[in-house]
Amino acid sequence: MDAGLLWVDKHRPNSLDKLDYHPDLTAHLKSLCASGDFPHMLVYGPSGAGKKTRIACILRELFGAGASKLKVDPRVFETPSKRKLEIQVTSSNYHIEINPSDVGNQDRIVIQDLLKEVAQTQQLDASAQKRFKVVVIHEADLLTRDAQAGLRRTMEKYMGNLRIIMCCNTTSNIIGPIQSRCLLVRVGAPTEAAMVEVMQRVVKKEHCGPLPDSFAKRLAQDSGRNLRRALLMLETAKVQRQPFAEDQAVPRMDWEDFIKHSAVNILKSQNADTLLTVRGNLYELINHCIDPPTILKTLAKELVARIEKDEIKMKVIQEAAFYEHRLRIGNKAIFHLEAFVAKVMHIYKKYKVRFGVPLLGKGGTTGETGTGQRKNEGEE
Amino acid sequence: MASSFFAKRQPGPSNAAALAAQAAANKPWIEKYRPKTMDDISSQEQAVAVLKKTLESQNLPHLLFYGPPGTGKTSTILALARDIYGPEMVNSRVLELNASDERGIQVIREKVKNFARSTVSTNTSDHSVPPYKIIILDEADSMTADAQSALRRTMETYSKLTRFCLICNYVTRIIEPLASRCAKFRFRPLEEHHSKSRLELICLQEGVQISPEATLSLIRLSDGDLRKAIMFLQSASRLVGKGKEITVEVVSDVAGTVPESVIDGLEACWHTRDYNKISTEVTFAVREGHSAARILTQLHERLLRNDALTSLQKARMAEAFGDMDKALNDGADEELQLLNMMSRVSAIAA
């Protein structure tokens, strides 16, 4: 029955005892589950670090196997202005999982209605080990301020019946009052050594030959210490070549290659024609549902890796940060991506001109970066 | 099964008492140790003194409490209400609405107005109970301006029957006409000795052992926010388990502070113009899952204490910090923003 599953899902640990890395954290979680009063929790960390796996394990530890019997129901909420909102709710007898960011700006209604409904009723099953139910909120960092404000008193008032576990990538967007009501649980990315260990174990269980340590290590590095990604890459590599070789190429996503290609183009020639080609590429990426901030970030990284001078690197990163911020508050992604590309071309061309031909006493640069550059040239 | 999940449970008479006992034990400490009467409130002397005076004359104005979180605004009004009405009548005379309740203009027009309009029964034997009700609008700064302006006339028309108490963090978000109808009380962040005495009391009653340094770091990390301090204390005591002492490390673990070593690494990058070094440190910090906002706060503390930098440099760096904070608030990518800030700062400081 497991044959159709990806390795990532198939070998996901399903109890706290089976977790591989972060032994201290596991011990803490265990003692929390064993003690009578379980707090609200805010689990944060980079993606692929194992946040959801840990939450599932906690639920299992709290409620036993019943917590893994999941079902998915659509639920409908109504706003005061009579608009209907539909949201997928995953639930078991003991807990309920929601992803309120699905409904965008109206998430406050979902939070208010659903949490109160759950909180005002008590645990159904008299034989359950715990007297409370758990609500898991995924992507809590995307909750609007309104929704978060709505959580504040609910979290205190219904503590008797309800615990909330929030899962997010960063606590930066969670308002202070919520943070002060939760136990903060940080799940850091696994170390490369730990990842190699996990991959070795998976390969062993799958009986697909020895996995050279050096290749595993490269996978770990390339995935950016993201275990989920590393395992997916491992599975792809298995399809590509069996048994594994030490010098095997790390499989890459084709959109990454696409972006790499664009980066090379941008640095090769800086003119309107290239901009037009790159623009086409960007459109293609957006059409393939690659998240625009991810495009921008990857592009910036590829560019920086190919620029040799530190000050230009820094400038490119500064522009990337600036346009990424705009991208988030703005609403048409292509404008900002294109503007970034144009800006990078401008910076790079200026730099090429300055080092290619002797300086013509141009005083076009402004402010602190300008003086900084000149100082730097003096040193050389 | 979905219907049964949400169905109301009818607790049998036998386990109702047991349930109540368990609920009390499970109560978070912030609720358990909320002051019950005005005399219990250990700080905010000024506001408390004025409110006590008004209690004697039985003439309560509309109130507006404002101040940072965890300074006792909600606790004060709840204690005040309890002092006025006694524990039995509190429920019928006080309406509490907070941000978790729907508070659009519709609700103000219907629910609040109806409650405000209804007269109180005067057939109580106890004549010390004043003839008005109280409506508490908690977290009033999250109310829309429209909803607030719908309150304006309501507050005046029914002032004989009802007193309003608005509670908010930012007084600037309350529209002027409402603010001018209320007596304003500013709640200051708690002073160190008040927080300390309160925390010590809780430790004593809960049988928690904590080292004096850990108490100090609790107070320092909470910035005068007593709720935060108590929450941290409870989390820390859960983490170490019964009978063991809470140390400074446990406290900083619970509070989600970034380890000094990471901050040291980042601070060292201020004086280099090597991009790769900056990028390595930043990537490491982000991969470990530390929150960028937290890193920013801690770096800012370092900035203030750093004597090697001139005032001008500090000012310009502070500007970069400010930009980053704004960007993070808008939901920008943490890694890019951190890289941006660090590269800007290194251009200034190196």
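These numbers come from a predicted model, not from an experiment.
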Chain B heavy atoms under 4.5 Å from [X]: which part of the residue, side chain, backbone, both or neither?
X        : result
A:Val304 : side chain
A:Ser31  : side chain
A:Arg326 : neither
A:Ala320 : both

Part of [X] within contact of chain A (heavy atom distance under 4.5 Å):
X        : answer
B:Ala236 : neither
B:Ile30  : side chain
B:Asp323 : neither

Taking distance alone, no hydrogens or angles, what donor-acceptor pairs closer than 3.5 Å link side-chain atoms of residues 279-288 of chain B to residues at least two apart or in another chain?
unit_1: B:Thr280; atom_1: OG1; unit_2: B:Asn276; atom_2: O; d: 2.4
unit_1: B:Thr283; atom_1: OG1; unit_2: B:Ser279; atom_2: O; d: 2.5
unit_1: B:Arg287; atom_1: NE; unit_2: A:Gly224; atom_2: O; d: 3.1
unit_1: B:Glu288; atom_1: OE2; unit_2: A:Arg225; atom_2: NH2; d: 2.8

Practice task
Apply side chain to side chain donor-acceptor pair (under 3.5 Å) to B:Asn329 and list each qualifying residue two or more places apart in sequence or on a separate chain.
Solution key: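 Result, side chain to side chain donor-acceptor pair (under 3.5 Å) vs B:Asn329: A:Arg145.
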Exercise for the section: Provide the closest heavy-atom pair for B:Asn340 versus A:Ile317 in the form atom of the first, atom of the second, distance. Expected result: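 Closest approach of B:Asn340 to A:Ile317: N-CG2, 3.8 Å.
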Option that, when pairs with chain A are counted at under 4.5 Å, heavy atom only, ranks first among [options]:
options                                : answer
B:Ile230, B:Thr74, B:Asp274            : B:Asp274
B:Met324, B:Glu335, B:Arg294, B:Met341 : B:Glu335
B:Asp138, B:Asp225, B:Asp333           : B:Asp333

Practice task
Return the option, out of A:Ala189, A:Ser172, A:Gly45, A:Gly188, with the maximum number of heavy-atom pairs under 4.5 Å with chain B.
Solution key: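 Result: the option with the highest number of such pairs is A:Ser172.
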Practice task
Could you have a look at A:Ala300, A:Ala147, A:Pro39, A:Cys182 and say which one has the most heavy-atom pairs with chain B under 4.5 angstrom?
Solution key: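 Option with the top pair count is A:Pro39.
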Problem - Electrostatic pair B:Asp330-A:Arg328, nearest N-O below 4.0 angstrom - result: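 Result for this pair is no, no salt bridge flagged.
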Practice task
Answer yes or no: is there an ion pair linking B:Arg273 with A:Glu311, defined by an N-O contact shorter than 4.0 Å?
Solution key: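 Salt bridge flag = no for A:Glu311 with B:Arg273.
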Exercise for the section: Please examine the side chains of B:Arg227 and A:Arg181, heavy atoms only from C-beta on, and report whether any two atoms are closer than 4.5 Å. Expected result: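 SC-SC contact between A:Arg181 and B:Arg227 confirmed.
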Exercise for the section: Check whether any side-chain heavy atom of B:Ser346 sits under 4.5 Å from a side-chain heavy atom of A:Met314, and report yes or no. Expected result: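 SC-SC contact between B:Ser346 and A:Met314 confirmed.
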Quick check for you: to the nearest 0.5 Å, what is the distance between [X] atom [atom1] and [Y] atom [atom2]?
X        : Y        : atom1 : atom2 : value
A:Arg186 : B:His290 : CZ    : NE2   : 4.0 Å
A:Asn173 : B:Ser291 : CG    : OG    : 9.0 Å
B:Ser235 : A:Leu184 : OG    : CG    : 8.0 Å

Exercise for the section: Return yes when atom CD of B:Glu319 has more than 12 non-hydrogen atoms of other residues, nucleotides or ligands closer than 6.0 Å, and no otherwise. Expected result: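 Open: at most 12 neighbouring heavy atoms sit under 6.0 Å from CD of B:Glu319.
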Problem - Criterion side-chain contact (heavy atoms from CB on, under 4.5 Å) on A:His325 and B:Lys326, from CA distance to verdict - result: CA-CA 9 Å; A:His325 176 210; B:Lys326 159 78 179 135; 4.3 Å; yes
Handout entry: Any donor-acceptor N/O pair, A:Glu324 side chain to B:Leu336 backbone, under 3.5 Å
Key =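 Side chain of A:Glu324 to backbone of B:Leu336, a donor-acceptor pair under 3.5 Å: no, none is there.
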Practice task
Ignoring hydrogens and angles, tell me if any N or O in the side chain of B:Glu334 forms a donor-acceptor pair with the backbone of A:Thr170 under 3.5 Å.
Solution key: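 Side chain of B:Glu334 to backbone of A:Thr170: no pair is present.
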